[in-house]
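In what follows, a structure is listed as structure tokens, so that the remarks can point back to it.
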Amino acid sequence: MTLLLKSLPARAEVWSRVFAEAGLPIETDPEAIADPAEISVLACWQPPEDLSIYPNLKAVLSVGAGVDQMPELPPQIMLCRSLAPGIEMLVRDWAVMACLMLHRDIPSYMAQAEKGVWQGLPVTLSSQRRVGILGMGRIGKLLAQSLVDLGFPVRGWSRSGRPVDGVEVFGQDGLDRVLVQSDILICLLPLTDETRGILNADLFAALPKGAHLVHAGRGAQLDMADMRAALDSGQLASAMLDVTNPEPLPADHWAWSDPRIVITPHVAAETDAEQGALHAVAVVKALMAGETPPGVTNKAAGY
Ligand code: GLV
């Protein structure tokens with residue numbers, strides 16, 4: 001059962017070492033494969049167009065947390081996503097930072113700093129700033145715990161509505177109940193047919209007036225023109241985005257110079273090479289044992 005990794009040389013080196021330590025075969029150069037029938041798992045961000053060259057492929061493993069970049073796979077091939085634990089910690093860190101930056105009016109202070117203005121703004125206690133998290137998977141849960149520890153009242157929304165300690169979680173029909181109480185709304189949703197374009201004028205209108213938006217889901221979930229209109233009307237006060245629509249954001253895009261918006265270029269997380277490789281080892285071992293591999297996705301749900 002050989003894994004083929006399609007990645008950069010530096011990552012391939014780490015994966016090769018981790019697989020050697022685990023006593024498992026790995027290929028990191030598709031050109032060097034003697035017998036493509038030996039490849040059972042393909043780890044990549046995006047696979048090559050024609051997967052039929054690997055007749056015994058059992059699983060495609062995304063090296064990131066998301067799988068929306070993947071094409072539709074033949075039904076017999078499983079789709080897994082990386083469960084490298086560093087991913088959720090990095091996104092949690094970024095989202096806590098973004099939440100605190102908007103909570104403490106940093107975009108306004110950055111705009112004031114441009115003009116050399118020394119001027120304090122009113123301060124709000126975290127206990128009086130309600131946070132809503134869209135997406136209560138591994139990252140959402142970790143983030144919710146951190147924000148609860150900081151004193152924010154947190155509500156969450158997920159498809160399943162599965163409960164999480166210390167957080168009121170609402171299921172599919174409860175979106176409005178989360179939005180109406182979200183002074184800061186944080187989107188961590190995976191990109192699916194249901195979530196494409198979800199951050200739009202209707203959703204912004206359901207938030208309390210002057211709410212703040214934190215977006216670390218996927219760019220295609222955000223209608224940037226609707227966000228601009230909501231900022232102009234005061235419905236939204238500010239936004240911090242790690243993902244944009246389009247992405248990469250063109251150099252001359254209006255959002256770069258909008259003082260109400262802070263943008264980072266899709267850097268909230270990067271999969272640690274060693275952790276990613278260790279997870280891939282677990283995937284291969286599970287497949288060898290005939291078990292469900294960790295991180296397998298539900299293809300119908302899209303994540
Ligand atoms: C990054 O966005 C990822 O999916 O890991």
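Numbers for residues simply follow the sequence, beginning at 1. Remember, predicted model here, so these are calculated numbers, not experimental data.
- Between the side chain of His215 and the backbone N or O of Gly217, at least one donor-acceptor pair lies under 3.5 Å.
- Residues that satisfy the side chain to side chain contact (heavy atoms under 4.5 Å, CB included) test with Trp256, not counting sequence neighbours, are Leu249, His253, Ile263.
- Applying the salt bridge (charged side-chain N to carboxylate O under 4.0 Å, His left out) test to Arg17 and every residue at least two apart in sequence or in another chain returns Glu21, Glu274.
- Partners of Asp272 under the salt bridge (charged side-chain N to carboxylate O under 4.0 Å, His left out) rule, at least two apart in sequence or in another chain, do not exist in this structure.
- With contacts defined as side-chain heavy-atom distances shorter than 4.5 Å, the pair Asp226/Asp202 does not qualify.
- Between the side chains of Glu27 and Thr2, not a single donor N or O lies within less than 3.5 Å of an accepting N or O.
- For the ring pair (Phe, Tyr, Trp, His ring centres under 6.0 Å) test, no residue two or more places apart in sequence or in another chain qualifies with His266.
- Arg11 is linked by a side chain to side chain donor-acceptor pair (under 3.5 Å) to Glu270, counting only residues two or more places apart in sequence or in another chain.
- Under the side chain to side chain donor-acceptor pair (under 3.5 Å) criterion, Gln235 pairs with no residue, sequence neighbours left out.
- Residues that satisfy the ring pair (Phe, Tyr, Trp, His ring centres under 6.0 Å) test with Tyr303, not counting sequence neighbours, are absent from this structure.
- Applying the salt bridge (charged side-chain N to carboxylate O under 4.0 Å, His left out) test to Asp149 and every residue at least two apart in sequence or in another chain returns nothing.
- Within 6.0 Å of atom CD in Glu49, 12 or fewer heavy atoms from other residues, nucleotides or ligands are found, so the atom counts as exposed in its surroundings.
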Would you tabulate the side-chain donor-acceptor contacts of residues 107-115 under 3.5 Å, counting partners in other chains and residues two or more places apart, or write 'none'?
unit_1	atom_1	unit_2	atom_2	d
Tyr109	OH	Leu121	N	2.8
Gln112	NE2	Val117	O	3.4
Gln112	NE2	Gln119	O	2.9

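- In this structure Glu168 satisfies the side chain to side chain donor-acceptor pair (under 3.5 Å) test together with Arg155, sequence neighbours excluded.
- Remark: the Gln69 side chain and the Ser62 side chain contain an N/O donor-acceptor pair separated by less than 3.5 Å.
- Every salt bridge (charged side-chain N to carboxylate O under 4.0 Å, His left out) that Asp68 has, sequence neighbours left out, goes to Arg218.
- Checked against side chain to side chain donor-acceptor pair (under 3.5 Å), Thr264 has the following partners two or more places apart in sequence or in another chain: Trp94, Asp242.
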